[in-house]
Amino acid sequence: SVLVHFFFLFLFFTCVCRSPLGMSRGQILDEDISASSQWSDSTAAKYGRLDCEEGDGAWCPEIAGEPENINEFLQIDLRSLHFITLVGTQGRHAGGIGNEFAQTYKIKYSRDGSRWISWRNRQGKEVIEGNRNAYDIVLKDLEPPIIARFVRFMPVIDHSMNVCMRVELYGCEWLDGLVSYNSPLGQQMTLNGQYIYFNDSVYDGAMSYSMTEGLGQLTDGMCGLDDFTHSHVYNVWPGYDYVGWTNESFPNGYVEIMFEFDRTRNFTTMKVHCNNMFSQRVKTFQKVVCYFRSESDWEATPISFSPVMDDVNPSARFVTVSLYNHMASAIKCQYYFSDIWMMFSEITFQSGYPTTVPRDLDDSNTRILIGCLVAIIFILVAIIVIILWRQVWQKMLEKVSRRMLDDELTASLSIQSETFTYNNNSPSSVPSEQESSSTYERIFPLGPDYQEPSRLVRKLPEFSQTSEDTGELQKRVQEGVPHYAEADIVNLQGVTGGNTYAVPALTMDLLSGKDVAVEEFPRKLLTFKEKLGEGQFGEVHSCEAEGMQDFMDEDFSFNVIENQTVLVAVKMLRTDANKNARNDFLKEIKIMSRLKDPNIIRLLAVCMSSDPLCMITEYMENGDLNQFLSRHEPEGMIAVLSNAPTVSYSNLHHMATQIASGMKYLSSLNFVHRDLATRNCLVGKNYTIKIADFGMSRNLYSGDYYRIQGRAVLPIRWMSWESILLGKFTTSSDVWAFGVTLWEMLTFCKEQPYSQLSDEQVIENTGEFFRDQRRQIYLPQPPMCPDPVYKLMLSCWHRNTKERPSFQEIHHTLLDCKP
Ligand SMILES: *[C@@H]1O[C@H](CO)[C@@H](O)[C@H](O)[C@H]1NC(C)=O
Ligand SMILES: *[C@@H]1O[C@H](CO)[C@@H](O)[C@H](O)[C@H]1NC(C)=O
Ligand SMILES: *[C@@H]1O[C@H](CO)[C@@H](O)[C@H](O)[C@H]1NC(C)=O
């Protein structure tokens, strides 16, 4: 059942209920956006739409009076109740003219338009950290989520700067229709001398003798854990997830909760999520009696239901109560104690409304939808399990794999959505982010600088000198010292939008000193075959080239028969690319033209005489290694049965050794690849491998990259912790990626690394690598992977970059354990 809750939450908060509600796309109409004031007509409320540049580019209030009296707001009317899980804000950029934004803001919301409630996070904080510049979109998870029709964004104004805002709300329609519940206050328990608080900590109604007119923990979409003293939520008191009562205070033997709905509905069921930790005298209710009110009167005959008591399984569970299609706009239920304590964490209602909704949608309701999705996920998980099972063709290995899978699943469940905090030995200058609730804040504690890793990197004195230092550089390279980690890195914006190779400035000078050593190729001899990738500044195609042999020197590893066409990859710069992109393209050509290694894709020729600029590189007949291995099976029973083509372990090993060799070459030149993965390796005849870089925008692999606020795109599943958290890309982080690449190969690319983890969990796992408290999850040993090779992988994922092997060592180790 933990699994169910986990998926429930996971789905609810990460996929199901996070769609933009229509500020940027316009589904929310101008007339539903209003504001306390506007600075001018061109900064009216209707211009406060995220990512839009109409009018003067944002909503800006007219600010008058003393700061403490200012209550400016931008108000959005969603026309019906919505479950809002995320908000996004942005300042006024107006194509570079504007520079106003809200550094902090608060949110107020209302369900009826008259009673306004101030949002607070689970730790009770009202103020939300907003923007730090006028253009970036900052997203904040609302924890707890809001159920409301009206939402107000209230910038915190202190006259130190002007404030303008563009906003978006994310969530889904609130189909339960529940507008409020009234209930007795939650109580306190003393357990082993510790106080456990069962108050409804996020209730947004009035709280005096009882709770009235609000929604809270029972509707926040968060189910409590089996053990009520623990919580999903970080940094809160024990008992947080539950609202609970003891029979001492209820002489009648029941707790009465009244639920009010938005309209008269046809109720099918009520589901109550109860704790059942009977060892602590907590049990599900023994009986429930519900009364219905349709127009203004309570019906005389209630329904009553007694669930089967469970004294065996102490896990928390949903108890489903049938409401027999009663029509009502309010329901009052009396839940009877069956032991000293009764604790609820969620109550949901399944209902339809007559006439307007077609029959088959009667039961449609977010939670049911989630139920279906959970089922689908389970089926998918089952399929994955079956696929894994299929791969295991030896009895001995069967065991290992199952254990691994189990380990990984349990491990993934134990991840909690903790805030990212630094441990004690971290630099004290870095602020702790305990208060922050946004994932992005959590992930990237260094803020906007993240996008430009080079800025973060200290410039070491030995690298501020010029190319005379090559000797020293060479020496250090031979020593395998990853010093270039600290060097000033030149970022090349690859044609496909990602970074191609990152090169230390010094090496760059050395390399680009001479002229480009590649020849012009007549464009008309290229025949387009297929698009391999595309990005912001260009595209990569595979083409056939005629007469290419004249452009290849003798040392080329593949022989071309006279007059035959050759398969090549053509990187093309868009004609409308800006000057920077053009310069980078030229730099890339210079660098590429000097890379000569049998395991690195070679630049063959260029088309520079006219636009679009092209560079022509080798391409290999078997495509990329990822697709290649996905089409193949390991040798063994399954392959025999399914008649699939196979790759032997020794060929796999041979390919891995070549990747190590190519990387050894790159690292000897201080080149940092940044995106080593099977998708970036090409396979030729006889299992030859060449490392390439197709940029990060191939549709086929878009799932391998993580998009931060629509800007940087990162292959997080291949990235070392320091690349993700500190933006440091070094040969040591390439070594990390090599470990992942090796893992991909030994699983025949049948699944993504950490396929059980969502992107955000992968990033949280990165935090665990950083904290190093043995809670980090490593990729498991693939069934066909020999121990020494797995040991090699693990060494690539060492927390300390200096402890990771160099490519030279990796290459050596692989040669040593050749099958
Ligand atoms: C609930 O109890 C905790 C612990 O005493 C307290 O900190 C918190 O303010 C209470 N919340 C409400 C809404 O009463
Ligand atoms: C309530 O819904 C059920 C089907 O879900 C239907 O059979 C019944 O007639 C409905 N009741 C009313 C009063 O509309
Ligand atoms: C509370 O429940 C316990 C266990 O069922 C029972 O022994 C006790 O008498 C009840 N207390 C009250 C005040 O009803």
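Order of listing sets the numbers, starting from 1, for every ligand and every atom in it. Counting from 1, the numbers follow the sequence of the chain as shown.
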Exercise. Would you kindly say whether Q188 and T190 are connected by a side-chain donor-acceptor distance under 3.5 Å?
Key: no
Quiz item: At a 4.0 Å threshold, what atoms of ligand 3 neighbour a non-hydrogen atom of R281?
Solution: 4 (C)
Quiz item: Can you find an N or O of N199 that's nearer than 3.5 Å to an N or O of ligand 1?
Solution: yes
Practice problem: Kindly indicate whether atom 2 (O) of ligand 3 is approached by any protein heavy atom to under 4.0 angstrom. | Solution: yes
Quiz prompt | Closest to atom 10 (C) of ligand 3 among N252, T246, N247 (heavy-atom distance) | solution = N247
Quiz item: Is any N or O atom of T268, backbone or side chain, closer than 3.5 Å to an N or O atom of ligand 2?
Solution: no
Quiz item: Given G124, S201, G186, which has its nearest heavy atom closest to atom 13 (C) of ligand 1?
Solution: S201
Quiz prompt | Presence of salt bridge, E260 and R293, under 4.0 angstrom | solution = yes
Exercise. Assess the side chains of S180 and E213: does a donor N or O sit below 3.5 Å from an acceptor N or O?
Key: no
Quiz prompt | Under-4.0 Å salt bridge between D32 and R149 | solution = no
Exercise. Find the distance between NZ (K283) and CG (D339) and round it off to the nearest 0.5 Å.
Key: 5.0 Å
Quiz item: Looking just at side-chain N and O atoms, do E72 and S36 make a donor-acceptor pair shorter than 3.5 Å?
Solution: yes
Quiz prompt | Nearest neighbour in protein (non-hydrogen) for atom 7 (O) of ligand 1 | solution = W237 CZ3, 3.9 Å
Quiz item: Would D226 and S315 count as having a side-chain donor-acceptor pair, cut-off 3.5 Å?
Solution: no
Quiz item: What protein heavy atom sits nearest atom 5 (O) of ligand 1, and how far off is it?
Solution: Y197 CE2, 3.2 Å
Exercise. For M327, take its heavy atoms, then give the atoms of ligand 2 lying under 4.0 Å from any of them.
Key: 12 (C), 13 (C)
